[in-house]
Protein chains: 2
Amino acid sequence: MNNPDKAHQAVYTIAQAARKTGYDAETLRYYEREGLLRGIARKGARRVYTEENLRAISLITCLKKTGMPLKAIKEYVALTARGEKTVAKRLDLMRRHSREVARQLAEVTSFKERIDFKVWYYETAQREGLPAVADVDALLARYRRETGRNVSF
Amino acid sequence: MNNPDKAHQAVYTIAQAARKTGYDAETLRYYEREGLLRGIARKGARRVYTEENLRAISLITCLKKTGMPLKAIKEYVALTARGEKTVAKRLDLMRRHSREVARQLAEVTSFKERIDFKVWYYETAQREGLPAVADVDALLARYRRETGRNVSF
DNA sequence: ATACTACTTTGAGTTTACTCAAAGTCAAGG
DNA sequence: CCTTGACTTTGAGTAAACTCAAAGTAGTAT
């Protein structure tokens with residue numbers, strides 16, 4: 001074991017790949033069946049994952065966690081498989097997705113402000129009893145005064 | 001129509017509430033069935049939405065879009081319905097969720113950096129042909145040099 | 001008054017993304 | 001050599017979050 005020839009072009013079993021990527025082995029097989037993962041080599045009948053394959057998996061994670069559905073990821077992977085002539089399409093797709101993620105970040109940031117207002121509201125409630133929600137504007141004004149933060153909704 | 005008595009305590013039909021909140025009327029009924037929405041008044045058999053109800057809906061949106069499952073939102077709504085004695089629990093829940101959203105924002109921000117690296121990669125590919133992915137580190141170093149941005153993965 | 005919508009309920013169906021189970025085969029390490 | 005883990009296919013099951021269909025009713029416009 002620890003053959004130097006293998007050390008610098010390390011490959012992994014499905015169980016190792018699963019552990020390294022945080023997925024279940026079943027899910028890795030499922031992704032391959034669905035066309036999200038291509039070119040996974042076999043040694044006999046068994047899957048063998050290279051470092052490059054692991055990078056492809058972590059790109060899937062990246063796209064998935066930023067809200068891209070598997071179907072769209074699959075289309076992107078299919079473009080990649082069609083080679084250099086699809087670069088313009090892939091660029092367009094990634095640019096759109098980047099813009100979408102920016103939109104999403106802005107949205108979630110503003111939602112977090114509202115959640116933090118709720119936190120303040122309940123902290124206040126613990127000290128003083130539940131403030132009347134009826135007068136939302138007065139409550140927001142007080143929040144702004146006391147915390148220096150702003151919220152809009 | 002346009003009764004001033006009704007103007008300052010406006011109420012809405014389900015269709016109007018749906019339009020104002022961006023949900024489908026079916027979804028609003030579903031949320032009510034599921035216990036995410038409580039205390040929606042009826043006029044005869046029909047639902048009547050107040051401004052306060054709309055605020056409750058937009059809070060659901062806020063929690064949902066920040067990744068809280070409907071089941072958890074339902075539990076929060078149930079706490080709220082149990083009155084002031086659950087304030088400590090609600091505070092705890094909101095604090096945890098705020099922290100979770102912060103984690104999520106950091107994660108998505110770093111994923112966006114990777115997506116923007118892909119954008120740069122394809123822009124470069126359009127000018128120069130596809131750079132070899134084999135040497136990821138060299139590619140990352142060049143990206144850093146040319147854009148001043150950093151990426152890690 | 002009557003026609004036309006928009007509404008009601010109940011219950012079934014859909015989509016996404018897994019997740020498991022069965023049944024049998026295969027290959028490598030201790 | 002035998003245990004362990006992996007492989008195959010097929011097909012079913014699950015959970016979350018809707019989404020639609022059917023049949024009936026209530027409120028508004030003419």
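Letters go in sequence order (proteins before strands), and every chain restarts at 1. Computation of the quantities below employed the complete heavy-atom set of this structure, encompassing side-chain atoms and omitting hydrogens, waters and symmetry-equivalent molecules. Since the model is a prediction, treat every value here as computed from it, not as a measurement.
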Which pair of heavy atoms, one from A:E84 and one from B:A125, lies closest together, and at what distance? OE2-O, 4.2 Å
First encountered from the 5' end of DNA chain C, between B:E26 and A:L70: B:E26
Please pick, from D:dA6, C:dA6, D:dC18, the nucleotide with the shortest atom-to-atom distance to any side-chain atom of B:Y31. D:dC18
Can you identify which nucleotide, out of D:dA17, D:dA6, D:dT8, has its nearest atom closest to the B:Y30 side chain? D:dA17
Of the options D:dC7, C:dA28, C:dT8, whose atoms approach the side-chain atoms of B:R29 most closely? C:dT8
For B:R42 and C:dT9, is the shortest distance between a side-chain N/O and OP1 or OP2 below 4.0 Å? yes
note: B:Q16, atom CD; D:dG27, atom P; distance rounded to Å ~ 15 Å
A:E32 atom CD is separated from D:dT8 atom P, nearest whole Å, by 7 Å
With nearest nucleotides of DNA chain C determined for A:R33 and A:G44 from heavy-atom distances, which residue corresponds to the more 5′ nucleotide? A:R33
Which nucleotide in D:dC7, C:dC7, C:dT19 has an atom nearest any side-chain atom of A:T27: C:dT19
Students often get this wrong, so: under 4.0 angstrom with heavy atoms, is A:A15 touching a base, only sugar-phosphate, or nothing? sugar-phosphate
Please report, rounded to the nearest Å, how far the C1' atom of D:dA17 is from the NZ atom of B:K74. 13 Å
Aromatic ring pairing A:W120/A:F117, orientation class (parallel under 30°, perpendicular over 60°, tilted between): parallel
Residue whose nearest DNA chain D nucleotide is more 5′ - A:A45 or B:A45: A:A45
Between C:dT16 (C1') and A:L63 (CG): distance, integer Å: 17 Å
Side-chain H-bond candidate by donor/acceptor type, A:R38 with A:T80, under 3.5 Å: no
Does D:dC18 have OP1 or OP2 sitting under 4.0 Å from an N or O in the side chain of B:K64? yes
Rounded off to whole Å, could you give me the NZ-to-C1' distance for the A:K65 and C:dC18 pair? 15 Å
Can you see if the side chain of B:T13 gets near the phosphate of C:dA6 - specifically, an N or O under 4.0 Å from OP1 or OP2? no
Could you tell me the separation between the OH atom of A:Y23 and the C1' atom of C:dC18, rounded to a whole number of Å? 12 Å
Between D:dT8 (P) and A:I14 (CD1): distance, integer Å: 8 Å
Atom-pair distance (CG on A:D24; C1' on D:dT14), nearest Å: 14 Å
Between B:E34 and B:K74 (side chain of the first, backbone of the second, donor and acceptor by atom type, cut-off under 3.5 Å), is there such a pair? no
Without hydrogens or angle criteria, can the side chains of A:T124 and A:Y143 be said to hold a donor-acceptor pair below 3.5 Å? no
Please check the phosphate of C:dC7 (OP1 and OP2 only) for any side-chain N or O of B:R47 closer than 4.0 Å. no
